[in-house]
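Taking it in order: structure first as C-alpha cells, then the write-up.
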Amino acid sequence: MSGTIDELLKNPVSFLADASADEDIAISTRIRLARNLGGRAFPIAATPESDLEVCELVSRAAAESGALGCPECFSFDPAELSELDREILLERRLASREFIAKTGGTRLLVRSDESCSIMINEEDQLRIQALRPGFCLDEVWSAIDRLDDELGSRLDYAFDSRLGFLTSCPTNVGTGMRASVMLHLPGLVLTGQIGPVMQGVRKLNLAVRGIFGEGTDNRGNLFQISNQTTLGESERQIIDHLKLVIDQLITHEKNARRQLLAHDRYGTLDHVGRAYGVLLHSYKLSSEEALQCLSGVRLGVDVGLFSGLDIHLVNELFIAINPAHLQKAAGVSLGEPERDIRRAALCRERLKPRV
C-alpha cells in the first residue's frame, strides 16, 4: 500500500465520474460507517502510541482481506503530506476537515478508483466510506456492507448487544451509519421553494449540509441530505427512509424546472446565459462565484439549453476550480488574487466554443 497525491490525481473524481439523464439532479451517494476496536481507548482518549498501533492493525486487516483492492490501494499519512495535498483529499471528499487537521497517528486508505476509503483515527478509529456517482443507495450499501464484513472478520469491533456499535459521539451509536445523497437543486432555489422544502426535510429527521459536509454552505446549489438517527433503526430502515425522501426531492426539483421553463423561460435563459457569459469572459473569479455560475450552466445542460457542452466537462470544473486542485495543477502555491485569475483563465479555456 503506497501511492502519491500526484498518482491519485490521475483518476477521474469518483463521485463525478459519470452522468446520465437520470442522474442530472442526484450527483452522488455516500455511506460512512463509524467503527472502533474493542478493548482500546477511542481516539479522543488514546495515546499517540495507541493511535499508531490502531493504524497498523487496520492497515494490516485491509491488506490481508484485500478489502480495498490492496496491495494496489493508496495509503496516506496526512502528517507527511503538505497542507495543499491534505486539502486535495478534502476537495475529493476522501477525508474530513477534522481528519486532515490532525498532526499524527492517522492514516487514510483509498481504493485505487477512490470508490471506497477508510479514515483511521478521525473521530472514531475507523470511518469507512463508499462513494458513487448518481442516486444509488442500494449499490453503495452493498459495497460498504461487504467492506465492513471483510474488515470485521479480522478486527474486534466495539459492539454492545443492546446499543449496537459504540462510537465516540453518542449520535452515531447504533448502526454507526451516515448515508447521504448530494443533490443539485437550482430549480427549487430559483423558484423560491428551497426554504420550505428544506424545512420539511429537517422535520423528517434528516440533515441538510453543503458539499463538504457539516458546517459548509450550499454553494453551487448543492445540498447533501443525510440521516440523523443511527440508534433504534436498522440500516435498511435508514436507507429506505432516505430513498423515499430523495425520490420526493428529485420530483420537486423536476417540477420546479418544468415550472421555470413553462412560466419564466426567458428568465431561465437569462440566468443560464449570464452564468455561461461570466465563466466565458471573466478574468477574475472567486470559488463561490465560479460554483454558482457552474450551477447555472449545469442547469442549462440538464434541460437541453446547450447542444455542444459536455456535462462531464462541467462536472470536472466543479472540482478543478477548487483552491487546492487549482494550485496543484499550477504547480505553485498561489494567493487568493492569483487563484481568482487562474480560475477565470481555466474556465475561459475549458468552456470556450470549439470550432
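Values below: every heavy atom of this structure, side chains too, minus hydrogens, waters and symmetry copies.
By the rule that hydrophobic residues join a cluster once side-chain heavy atoms approach within less than 4.5 Å of another member, Leu84 and Leu8 end up as members of separate clusters. No chain of hydrophobic side-chain contacts below 4.5 Å, direct or via other Ile, Leu, Val, Met, Phe, Trp or Tyr residues, connects Phe165 to Val173. When hydrophobic clusters are built by joining Ile, Leu, Val, Met, Phe, Trp and Tyr residues whose side-chain heavy atoms come closer than 4.5 Å, directly or via intermediates, Tyr157 is grouped together with Val54. Connection of Met119 to Phe42 is not established within any shared hydrophobic cluster, with ILVMFWY side chains joined at heavy-atom distances below 4.5 Å, either directly or through further cluster members. When hydrophobic clusters are built by joining Ile, Leu, Val, Met, Phe, Trp and Tyr residues whose side-chain heavy atoms come closer than 4.5 Å, directly or via intermediates, Leu244 is not grouped with Ile25.
Closest non-hydrogen pair, Asp160 versus Arg162, comes out as OD2-N, 2.9 Å. The minimum heavy-atom distance between Leu147 and Ala67, with the atom names listed, is CD1-CB, 3.2 Å. For the pair Ala130 and Val140, the tightest heavy-atom approach, listed with the atom from each and the gap, is O-CG1, 3.5 Å. A pairwise comparison of heavy atoms in Ala26 and Val181 identifies CB-CG1, 4.2 Å as the closest pair. Leu68 approaches Arg111 most closely through the heavy-atom pair O-CG, 3.4 Å. For Ala179 against Leu242, the heavy-atom pair with the smallest separation is O-CD2, 3.4 Å.
Atom CZ of Arg274 is surrounded by 12 or fewer heavy atoms from other residues, nucleotides or ligands within 6.0 Å.
Remark: Asp138 engages Arg236 in a salt bridge, criterion side-chain N to carboxylate O under 4.0 Å. In summary, Arg40 and Asp156 do not engage in a salt bridge, as defined by a charged side-chain N under 4.0 Å from a carboxylate O. Salt-bridge formation is not detected for the pair Glu56/Arg60: no Lys NZ or Arg NE/NH1/NH2 atom is positioned less than 4.0 Å from an Asp or Glu carboxylate oxygen. Lys102 has no carboxylate O lying under 4.0 Å from a charged side-chain N of Glu122, or vice versa, which leaves the two without a salt bridge. The pair Asp340-Arg343 meets the salt-bridge criterion, with a side-chain N (NZ, NE, NH1 or NH2) lying under 4.0 Å from an Asp/Glu carboxylate O. The residues Asp24 and Arg257 are annotated as salt-bridged, a charged nitrogen and a carboxylate oxygen being separated by less than 4.0 angstrom.
Under 3.5 Å, the side chains of Arg348 and Ser282 contain no donor-acceptor pair of N or O atoms. Defined by atom type and a distance below 3.5 Å, a donor-acceptor pair is present between the side-chain atoms of Asp124 and Ser168. For the residue pair Arg93 / Gln224, a side-chain donor-acceptor distance below 3.5 Å is found, with atom types taken as modelled. A side-chain donor-acceptor contact under 3.5 Å links Thr191 and Gln193. A donor atom on one side chain and an acceptor atom on the other are not found under 3.5 Å apart for Asp6 and Thr4. Side-chain contact of Arg92 with Asn11: a donor-acceptor pair under 3.5 Å is absent, judged by distance alone. Using a 3.5 Å distance cut-off with no hydrogens or angles, the side chains of Asn221 and Arg298 do not pair a donor with an acceptor.
A distance of 11.0 Å separates CG of Leu326 from CD1 of Ile341, quoted to the nearest 0.5 Å. Taking CD of Glu7 as the start and OG of Ser112 as the end, the distance is 11.0 Å to the nearest 0.5 Å. Taken from CZ in Arg209 to CE in Met182, the straight-line distance is 14.0 Å, to the nearest 0.5 Å. Considering CD of Gln228 and CG of Asn172, their distance stands at 11.0 Å, rounded to 0.5 Å. Note that OG of Ser50 is 7.5 Å distant from CG of Asn121, once rounded to the nearest 0.5 Å. Separating the CG atom in Leu279 from the NZ atom in Lys352 is a distance of 15.0 Å, to the nearest 0.5 Å.
Under the 3.5 Å distance criterion, the side-chain polar atoms of Glu123 are left unmatched by any main-chain donor or acceptor of Glu98. Side-chain atoms of Asn36 never come within 3.5 Å of backbone atoms of Ala158 as a donor-acceptor pair (strictly under, hydrogens ignored). Proximity of a side-chain donor or acceptor of Gln327 to a complementary backbone N or O of Leu334 within less than 3.5 Å is detected. Here the side chain of Tyr276 pairs a donor or acceptor atom with the backbone of Leu351 at under 3.5 angstrom. Of the possible polar contacts, one joining the Glu338 side chain to the Gly335 backbone as a donor-acceptor pair under 3.5 Å is found. A donor-acceptor pair is defined here as one N or O able to donate and one able to accept, closer than 3.5 Å; such a pair exists between the side chain of Thr29 and the backbone of Cys136. A donor-acceptor contact shorter than 3.5 Å links the side chain of Arg86 to the backbone of Ile100.
The side-chain heavy atoms of Ile88 and Asn322, taken from C-beta on, include no pair separated by under 4.5 Å. A 4.5 Å side-chain heavy-atom check between Leu126 and Leu37 finds at least one atom pair inside the cut-off. In this structure, the side chains of Ser286 and Leu291 stay at 4.5 Å or more apart for every pair of heavy atoms. Here the side chains of Pro323 and Glu91 are in contact, with some heavy-atom distance below 4.5 Å. In this structure, the side chains of Leu183 and Phe135 stay at 4.5 Å or more apart for every pair of heavy atoms. Met177 has its side chain within reach of Ile239: a pair of non-hydrogen atoms, C-beta onward, lies under 4.5 Å apart. No side-chain heavy atom of His271 sits under 4.5 Å from any side-chain heavy atom of Leu260. Side-chain atoms of Thr230 and Arg178, non-hydrogen and from C-beta on, do get closer than 4.5 Å to each other.
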Please lay out, stage by stage, how Ser59 and Ile120 fare under the test side-chain contact (heavy atoms from CB on, under 4.5 Å).
CA-CA 9 Å; Ser59 297; Ile120 307 177; 3.9 Å; yes
Would you check, one step at a time, whether the test salt bridge (Lys or Arg N to Asp or Glu O under 4.0 Å) holds for Glu87 with Arg97?
CA-CA 8 Å; Glu87 289 289 332; Arg97 177 68 67 186; 2.5 Å; yes
CA sep, side-chain torsions, deciding dist, call: Leu33, Ile144, side-chain contact (heavy atoms from CB on, under 4.5 Å):
CA-CA 8 Å; Leu33 299 177; Ile144 202 167; 3.8 Å; yes
CA sep, side-chain torsions, deciding dist, call: Arg132, Ser28, side chain to side chain donor-acceptor pair (under 3.5 Å):
CA-CA 6 Å; Arg132 301 284 192 280; Ser28 64; over 6 Å; no
Carefully, step by step, assess Leu81 and Leu89 under the rule side-chain contact (heavy atoms from CB on, under 4.5 Å).
CA-CA 10 Å; Leu81 299 178; Leu89 298 174; 3.8 Å; yes
Test log, rule side-chain contact (heavy atoms from CB on, under 4.5 Å), inputs Asp310 and Val301
CA-CA 8 Å; Asp310 184 6; Val301 174; over 6 Å; no
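Geometrically, Arg127 does not engage Phe99 in a cation-pi contact defined by less than 6.0 Å to the ring centre and at most 45° from the axis.
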